[in-house]
Amino acid sequence: MTSPSLDKADAADTLTGGPRRRRTLRGVRGGAPLPLLLPALIGLAFLVLPLVALLVRAPWRSMPELLTSAEVWQALQLSLVCATAATAVSLVIGVPLAWLLARVDFPGRGLVRALVTLPLVLPPVVGGVALLMALGRNGVVGKWLDAWFGITLPFTTTGVVIAEAFVAMPFLVISVEGTLRAADPRYEEAATTLGASRFTAFRRVTLPLIAPGIAAGAVLAWARALGEFGATITFAGNFPGRTQTMPLAVYLALQNDPAAAIALSLVLLAVSIAVLAGLRDRWMTAS
Amino acid sequence: MTRTVRRTRRILQVTGAGAAALLALSACSSSDDSSSASDSSASDSGSPKLSGEVTVFAAASLKESFTTLGKEFEKAHPGTKVTFSFGGSDALAASITGGAPADVFASASPKTMKIVTDAGDASGTPATFVRNELEIATLPGNPDKVASLKDLTNADLKVVLCDKTVPCGAAAQKALDASKLKLTPVSYEEDVKSALNKVVLKEADASVVYKTDVKAAGDKVEGVEFPESADAINDYPITLLKSSKNTGTAKAFMELVQSSEGQKVLNEAGFLKP
């Protein structure tokens, strides 16, 4: 058995995170044990190899032609606009929802939290079908939207934003709620005892305090919205320039022009890597 | 001393588990080989020797009739099992050329069949077994009074078409071009069933789909025939695939599809004779 003092050191290592631990391993035996290293490397290869294959099989020569076509630009533009709009929607209604879950003790909070995170594990297609049943022209709510205001959501760009927000918002809510729970509520209490209203305290004290968590959640939600496919094609359909986002374009291109599908996939890959690389450092140091 | 022994044993356990997993994986890929040799000799549909599983990739529009034929086949040849993968012909062709394990491919157009034959994945020459005509699917009772293809160009109507990459979309485009009509749908759907279902769900007012799909949907939609459909009749080819591991049973299923018995089922579904 190991001594209790060693256990304590281990625990401290786990708490402070990776770098120190890695150094200790290398220091002790000149490398990680084989039964760990081998599966770890297989794991790494498993995750990276498909992406490398995309680069290898890419039609580099016809790439400029493929990527400058009007349809690709349309799809990329629409993807970026819709993902950003979906993130904005998530921020406006998701942050208050996260605050409610973290700060207000109400009966059935656990159930509400479970419902909020449901879209995380729900297959996106199911989300799309559910949206169609609720907001479709013949849907539970959509019927009245159509009859009273003449608003129909399927097959519209708004429909894409709704589908993306439905799938992406839970990422933001979870991230913000976690940060709120970690933040000390006494700052808010201090602000209210000094005369600030609860909303002012939220705006002036809580929001700046949890800004890094909100940023992280927003990036996650944006990235998820950008890659959203199932709910979009089910709820919003597929029309170039209106509802055809990049993932839909990739899927349909794969059916008759695989080269174009690879080129489009590379664009999405590049955008995703750029976002992660650009924000990772800021995330890590801020939180 | 004991510790090193224990560690070695653990390493052995880990590698053992890994090896077992690899063995299991490689076994999967070759497990069907044994059945093919014995079956390929018995290609007569009446032969009692037929057995094993047959995977049929078929156009979405064949769903109802092929499901019926599959059940008939299994009943006539106990011990056989026919599994289907229905979808847009192009998606199916793409997965076949991508190496999907299938025995038979029935496509909704010669063009998509060509993708498979060009890739060298077909065994023998594809045969046309039915033809299909287009029809307009509208809401029950036809509330928008759609009577012709031209009526669909009305901007107030929400029309969905199949994407041009799938046969039903290509055929619809052909009919529109032939009558010099320009139609802007609200969505290009990925296969014929998804185009039809947008009307079934009442999310769209009309769609251009196959006659057979309108028939299969029963009273959930109303079909409107249009003369231009004669310019866009689709031939459905069927072929045996090179990757087939159960050619005998696969051939027997294809024979059933082309037999008078099979044609009867297909005609009842609304398909035309080739």
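In this text the structure is predicted, and so the values were computed from the model without any measurement. Chain letters run A, B, ... following the sequence lines, proteins first, then strands; residues in each count from 1.
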Turns out that what part of A/I42 lies under 4.5 Å from chain B's heavy atoms comes down to neither
So, A/S69 versus A/E71: side-chain donor-acceptor pair below 3.5 Å or not? no
Specify which of B/P185, B/A93, B/G88 makes the most heavy-atom pairs with chain A at under 4.5 Å. B/P185
Less than 4.5 Å to any heavy atom of chain A: does that hold for the side chain of B/D191, its backbone, both, or neither? neither
Any chance NZ of B/K193 has more than 12 other-residue heavy atoms, nucleotides or ligands included, within less than 6.0 Å? yes
Is there a side-chain contact between B/E203 and A/L132 in this structure, where contact means two heavy atoms from C-beta onward sitting under 4.5 Å apart? yes
Stepwise salt bridge (charged side-chain N to carboxylate O under 4.0 Å, His left out) check, B/D151 with B/K145: CA-CA 8 Å; B/D151 289 347; B/K145 309 212 163 29; over 6 Å; no
Go through B/D205, B/T184, B/L92 and name the one with the most non-hydrogen pairs under 4.5 angstrom from chain A. B/D205
Below 4.5 Å from any heavy atom of chain B, which atoms of A/L248 appear? Answer side chain, backbone, both or neither. neither
How are the rings of B/F66 and B/F84 set relative to one another: parallel (under 30°), tilted (30 to 60°) or perpendicular (over 60°)? tilted
A/T156, part contacting chain B, at a heavy-atom distance under 4.5 Å: neither
